[in-house]
Amino acid sequence: MKYWLLKTEPSQFSFDDLWKSKTRTTGWSEVRNYQARNLMRDDMKIGDLGFFYHSSADPTGIAGIVEIASGPYTDPTQFDKKNEMGYDPKSKPDAPSWIQVDVRAVRPFPKLLELSEIRKLKGLSKMVLLQRGSRLSVQPVSAAEWAIICRAAGVSASAR
DNA sequence: GCCAACGTTGGC
DNA sequence: GCCAACGTTGGC
């Protein structure tokens, strides 16, 4: 089983929005970066866990834990002309460019673990999130990194 | 709002 | 296939 970090702008969609929704599950749509797509398509498996990260926010940081709840399937927003973020005129219905997976909220962190706090933790020097210029919206997280961050957040690494 | 870093596009 | 120009991301 693998671990991930998924970025979102909370002004668009926050962990709280997901947590308070009926099924606590949403399609992770509108990913428009090939590297991020390939990770979702090829490496994510149902049951993997992910950190839900708030970017472009004040403060930025990890808000909670989600579980990958489906395999990859076609992202419908790529064909939706009214979806400003998602619409991709180059993508054809018989050969879709973009996929999504479902994610389900598992638990919130007791409080947001801020990026500034994450930067202070030991053992995370290789973490993708902390690399200079890193802006991948779907990132792999190692088991060791996962454990360090869960401990700092005060939650069990098994997310229960 | 700034701007560094990165990804994408398109002319050649 | 190179690479300059452009667009986007995202922390500060």
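Only this structure's heavy atoms are used, side chains among them; waters, hydrogens and symmetry mates stay out. We name chains A, B, ... by the order of the sequence lines, and we start the count at 1 in each one.
- Counting to the nearest Å, the P atom of C/dG11 and the CE atom of A/Met127 are 12 Å from each other.
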Output side-chain donor-acceptor pairs under 3.5 Å for residues 93-103 of chain A, partner residues at least two apart or in another chain, one line each.
unit_1   : atom_1 : unit_2  : atom_2 : d
A/Trp98  : NE1    : A/Asp88 : OD2    : 2.8
A/Gln100 : NE2    : A/Tyr73 : OH     : 2.7
A/Asp102 : OD1    : A/Tyr73 : OH     : 2.4

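- A donor-acceptor contact closer than 3.5 angstrom links the side chains of A/Ser14 and A/Asp17.
- In this model, a donor atom of one side chain and an acceptor atom of the other lie less than 3.5 Å apart for A/Arg32 and A/Thr77.
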Under 3.5 Å, sequence neighbours excluded: what are the donor-acceptor pairs made by side chains of residues 59-67 of chain A?
unit_1  : atom_1 : unit_2   : atom_2 : d
A/Glu67 : OE1    : A/Arg104 : NH1    : 2.8

Worked verdict on A/Glu145 versus A/Leu5 for side-chain contact (heavy atoms from CB on, under 4.5 Å)
CA-CA 11 Å; A/Glu145 291 160 355; A/Leu5 181 144; over 6 Å; no
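- Computed from coordinates, the A/Lys90 NZ to B/dT8 P distance equals 9 Å when rounded to whole Å.
- Heavy atoms from other residues, nucleotides or ligands lying under 6.0 Å from CE of A/Met85 number 12 at most.
- When rounded to the nearest whole Å, the span between NE2 of A/His54 and P of C/dG10 equals 13 Å.
- To the nearest angstrom, C1' of C/dG10 lies 13 Å from CG of A/Leu5.
- Separating the CG atom of A/Leu130 from the P atom of C/dC12 is a distance of 10 Å, rounded to the nearest angstrom.
- Between the CD atom of A/Gln12 and the C1' atom of C/dG10 there is a distance of 14 Å, rounded to whole Å.
- The distance from atom CD1 of A/Ile62 to atom C1' of C/dG11 is 15 Å, rounded to the nearest whole Å.
- Listed in residue order, the members of residues 108-120 of chain A having a heavy atom less than 4.0 Å from DNA chain C are A/Leu115, A/Arg119.
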Output one line per pair: protein atom, nucleotide atom from nucleotides 3-7 of chain C, and distance, for all N/O pairs under 3.5 Å.
unit_1 : atom_1 : unit_2   : atom_2 : d
C/dG7  : N2     : A/Arg135 : NH2    : 3.4

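- Residue-level contact check: A/Ser56 touches the bases, meaning some heavy atom is under 4.0 Å from a base atom.
- Of the side-chain N and O atoms in A/Lys7, none sit less than 4.0 angstrom from OP1 or OP2 of C/dT9.
- Side-chain heavy-atom separations under 4.5 angstrom define the hydrophobic clusters, and A/Ile46 shares its cluster with no other residue.
- In this entry the distance linking CG of A/Leu136 with P of C/dG10 reads 9 Å, nearest Å.
- Panel note: side chain A/Arg24, backbone A/Trp19; a donor-acceptor pair is recorded below 3.5 Å.
- Every pair passing ring-ring contact (aromatic ring centres under 6.0 Å, His included) that includes a residue from residues 139-158 of chain A is listed here, sequence neighbours excluded: A/Tyr3-A/Trp146, A/Phe51-A/Trp146.
- Dashed line: the shortest gap from a side-chain N or O of A/Tyr53 to OP1 or OP2 of C/dT9 is not under 4.0 Å.
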